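As structure tokens, the structure follows; a few thoughts come after it.
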Amino acid sequence: MKILNYVFLLATIVVISSCSKEDKTDFDSVNHFYQNASELIIEVAYEEGATPYISSGGNNIWSFTEYNISALFEGRNRPILVSVPNQLAQMTEIPNQNKQSYNNDDIRKLAAEYKKMQSDETRGVIFLVFLDGYYFFNGSVQNNVVGVSVGKFAVAVFKPVIESIPSGLFGNSRPNVEQATVVHEIGHALGLVNNGVDMEEDHQDVQHGKHCTNEDCVMFWLNESAGDMSSFIGSGIFGNNQPKLVFGQECLNDTRNYLN
Ligand SMILES: [Zn+2]
Ligand SMILES: [Zn+2]
């Protein structure tokens, strides 16, 4: 009897503790964000020596990211205001980590150490860091990967890969590729494709993970490599000085309708 009671008590404790674990609010979860957020802040940090581009061809290029991320939430019942810094002074320089490459854990650690604002009940904060090194994945250094999203609202851009892009046909395409990479990785952080946000119609390129089957969409899988992102961006990210919309309709439908 005593043993039975003990077992019963133990079982109760296990149930209670696992419940409380699930009840704990995760402000950086995609579901919490779409259910509650009225604001999304992109917080930008960069390693010394990996300074992001600010302007190109007379345009402040960060308006491209603001425009495209805002487009993801267009028409939602509760508006989500997107704020993106557009001056270096609004971004944080962090010490050079003197590393050749970074794995997912390294990037999460940087976020834990340097992220200044935190997500809360109605505000999501994505930490975006520009790194002076390469992505380390599957046991090797990825010389051609321009960016990554590591979950928990943390994304990284690998500056040496951006800088390896030849200035060619369309002049200096590095700032454009950098911005398009930022949009692609924030897209993953916000649940695309089938990465936390349910699809309205099937458009996941399952063979290539959380990417889009639409070749004209910034979430197309090849856009994670430098050369292909260059050709995707082509003549630039602005037309008539207005930012171009680079998400396809399938992705827009997902984020505009999810938990709305
Ligand atoms: Zn991707
Ligand atoms: Zn898409």
Side-chain angles (χ1 to χ4, degrees), residues 30 33-34 42 64-65 67-76 82 101-104 106-108 111 126-131 133-138 140-162 164-165 176-234 237 243-260:
V30 166
F33 176 78
Y34 283 94
I42 311 300
F64 171 82
T65 289
Y67 174 78
N68 276 281
I69 303 304
S70 298
L72 291 176
F73 309 130
E74 210 174 281
R76 288 186 67 87
V82 176
S101 62
Y102 305 77
N103 63 25
N104 290 351
D106 295 330
I107 295 163
R108 286 191 204 102
I126 291 179
F127 181 75
L128 161 64
V129 63
F130 289 77
L131 298 171
Y134 297 89
Y135 186 38
F136 189 87
F137 188 67
N138 265 348
S140 62
V141 174
Q142 307 290 316
N143 289 310
N144 199 31
V145 171
V146 279
V148 71
S149 166
V150 297
K152 297 288 165 200
F153 280 7
V155 301
V157 172
F158 303 100
K159 196 72 183 179
V161 183
I162 301 280
S164 74
I165 298 166
N176 297 337
V177 173
E178 186 166 286
Q179 279 296 307
T181 300
V182 166
V183 168
H184 179 106
E185 300 309 336
I186 292 176
H188 282 314
L190 292 170
L192 294 172
V193 173
N194 202 17
N195 190 32
V197 164
D198 293 341
M199 294 182 290
E200 294 281 299
E201 59 173 296
D202 185 15
H203 65 107
Q204 182 185 6
D205 182 357
V206 180
Q207 202 190 335
H208 298 111
K210 306 294 184 182
H211 289 110
C212 185
T213 49
N214 181 350
E215 289 183 26
D216 297 325
C217 176
V218 74
M219 299 311 292
F220 187 64
W221 73 282
L222 280 173
N223 288 335
E224 218 141 52
S225 72
D228 291 282
M229 188 58 115
S230 301
S231 55
F232 173 76
I233 287 309
I237 56 176
K244 288 180 186 170
L245 181 66
V246 287
F247 285 110
Q249 196 58 49
E250 302 87 353
C251 284
L252 293 171
N253 288 345
D254 291 353
T255 52
R256 287 173 179 177
N257 291 310
Y258 187 58
L259 299 177
N260 190 34

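Quick caveat, the model's predicted, so the values are computed rather than measured. Both counts, for ligands and for their atoms, begin at 1 and track the order of listing.
Taking 2.8 Å as the threshold, C251 counts as a candidate ligand of the Zn ion (ligand 2), since one of its N, O or S atoms lies below it.
Relative ring orientation between H208 and W221 is described as parallel, the plane-to-plane angle staying below 30° on a 0-90° scale split at 30° and 60°.
A donor-acceptor pair under 3.5 Å is formed between the side chain of N68 and the backbone N or O of K244.
H184 contributes NE2 as its N, O or S atom closest to the Zn ion (ligand 1). Its N, O or S atom nearest to the Zn ion (ligand 1) is what matters here, and for H188 that atom is NE2.
Under 3.5 Å, the side chains of D254 and H203 contain a donor-acceptor pair of N or O atoms. In this model, a donor atom of one side chain and an acceptor atom of the other lie less than 3.5 Å apart for Y135 and N104.
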